[in-house]
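Residue numbers start from 1 in every chain, and the chains themselves are labelled A, B, ... in the order their sequence lines are given, proteins ahead of strands.
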There are 2 protein chains.
Amino acid sequence: MAPEPSVLVALASPRRREILRLVWREERTAGAIHRAMPDVTFGAVSLQLRTLEEAGLVESRGEKQFRFYRARREALGALGEMLERMWDDALWRLKLAAQLEETRRGPRPGPQRAQAQQKRPPRKK
Amino acid sequence: MAPEPSVLVALASPRRREILRLVWREERTAGAIHRAMPDVTFGAVSLQLRTLEEAGLVESRGEKQFRFYRARREALGALGEMLERMWDDALWRLKLAAQLEETRRGPRPGPQRAQAQQKRPPRKK
DNA sequence: GGTGTAATTTAGAATAAACTAAATTAATAG
DNA sequence: CTATTAATTTAGTTTATTCTAAATTACACC
């Protein structure tokens, strides 16, 4: 399966990836999705849902006055597995950070090797 | 391998995908890349190359006053195969269109089923 | 030193994307 | 029909990206 460019565009936005993750394993209404993202308006969520649906990343069904959205995982193929790894990694990193925070009793400086800002020359040799 | 978000952002731009395709199979100098894209300035190409390199999609080496760029295919994994399919598909579509154009002797109307612009209601049922 | 070629960088302009607030549409319940 | 809830759409603003033109850096050669 060759992805349409619109898929790549859709996945480039953190907001859209967040929405996609929310409907990855279970369908949710537009409202439930919005409630999970309190920092943005309902309208904005609706627009992003449209973008995701037009890219074929989610599909929806209407029931009563609700609209349920879910990810079209099967349409994503390997790209889907990649996203899952990405989300798992992020979780893992969060956990690790929490552990570090907890283990840190008293001010332990630790090795801080700051990456020096480099102004790269047109060539190295 | 979980992709960094920066990879997804980098792949969302048609311009950057074009550059990536140019250095996919063989390395090229920044100048050669620019020559293959006459509609944009050298400076713009250089900026996009930087974005691609920071995302880890290309790497470069300097030689004389030149800088050679090449895709880091191995770093892309399944995403790389997807891009290849995408490019092949695009080629295939171009070829098909050319054939159609050639075969079309005289004005043959053909079945034109225009997609009606739909203003979707919040629900269907 | 100076000239030519290659590439990068900067500042600012043009373009595109995302968001908000308000208006609108749909359906349900009374 | 009216009120309520859910969602979408529109118009306009904000923000981010992409581009250009000009200046700058790097290297080779004379």
Identify the two heavy atoms, one from A:Ile33 and one from A:Arg28, that lie closest to each other, and give their separation to 0.1 Å.
CG1-CB, 3.9 Å

Return no unless some side-chain N or O of B:Gln48 is found under 4.0 Å from OP1 or OP2 of D:dC19.
yes

Strand-adjacent residues in residues 6-35 of chain B, judged by heavy atoms under 4.0 Å from DNA chain D
B:Ser13, B:Arg15, B:Arg16

Pairing residues for B:Glu84 by the side chain to side chain donor-acceptor pair (under 3.5 Å) criterion, not counting sequence neighbours:
B:Trp24, B:Arg25

If I take atom CG in residue A:Leu49 and atom C1' in nucleotide C:dC19, what distance separates them, rounded to the nearest angstrom?
15 Å

Nearest heavy-atom neighbours spanning B:Met86 and A:Pro5:
CE-CG, 4.0 Å

B:Lys64 NZ - D:dC29 P separation (whole Å):
6 Å

So, is A:Tyr69 close to the D:dA6 phosphate, meaning a side-chain N or O under 4.0 Å from OP1 or OP2?
no

How close do A:Ser60 and A:Arg67 get, heavy atom to heavy atom, and via which atoms?
OG-NH1, 2.7 Å

All side chain to side chain donor-acceptor pair (under 3.5 Å) counterparts of B:Arg21, not counting sequence neighbours:
none

Closest contact, heavy atoms only, B:Leu22 versus B:Met37:
CD1-CG, 4.2 Å

Rounded to whole Å, how long is the line connecting atom CZ of B:Phe68 with atom P of C:dT8?
12 Å

Heavy-atom pair with the smallest gap, counting every atom of A:Leu49 and A:Val58
O-CG2, 4.2 Å

Give the rounded distance in Å between these two atoms: CD of A:Glu63 and C1' of D:dA6.
13 Å

From the options C:dA18, D:dT8, D:dC27, select the nucleotide whose nearest atom is closest to the side chain of B:Gln65.
D:dC27

For DNA chain C, find the residues of residues 36-45 of chain A with a heavy-atom distance under 4.0 Å and give them by number; none if there aren't any.
A:Asp39, A:Val40, A:Thr41, A:Ala44

To the nearest Å, give me how far apart CZ (B:Phe66) and P (D:dC27) are.
14 Å

Which pair of non-hydrogen atoms, one from B:Ala78 and one from A:Met82, has the smallest distance, and what is that distance?
CB-CE, 3.5 Å

hydrophobic_cluster_shared for B:Val9 and A:Leu20, side chain cutoff 4.5 Å:
no

Between P of C:dA7 and CZ of B:Arg67, the distance in whole Å:
10 Å

B:Arg61 CZ to D:dC27 C1', in whole Å, measures 16 Å

Strictly below 4.0 Å, N to O, side chains only: are A:Arg70 and A:Glu59 in salt-bridge contact?
yes

Would you mind building the protein contact string for nucleotides 11-16 of chain C? One character per nucleotide, 5' to 3', B for base within reach (heavy atoms under 4.0 Å), S for sugar-phosphate only, - for untouched.
------

What residues form a salt bridge (Lys or Arg N to Asp or Glu O under 4.0 Å) with B:Arg16, not counting sequence neighbours?
none

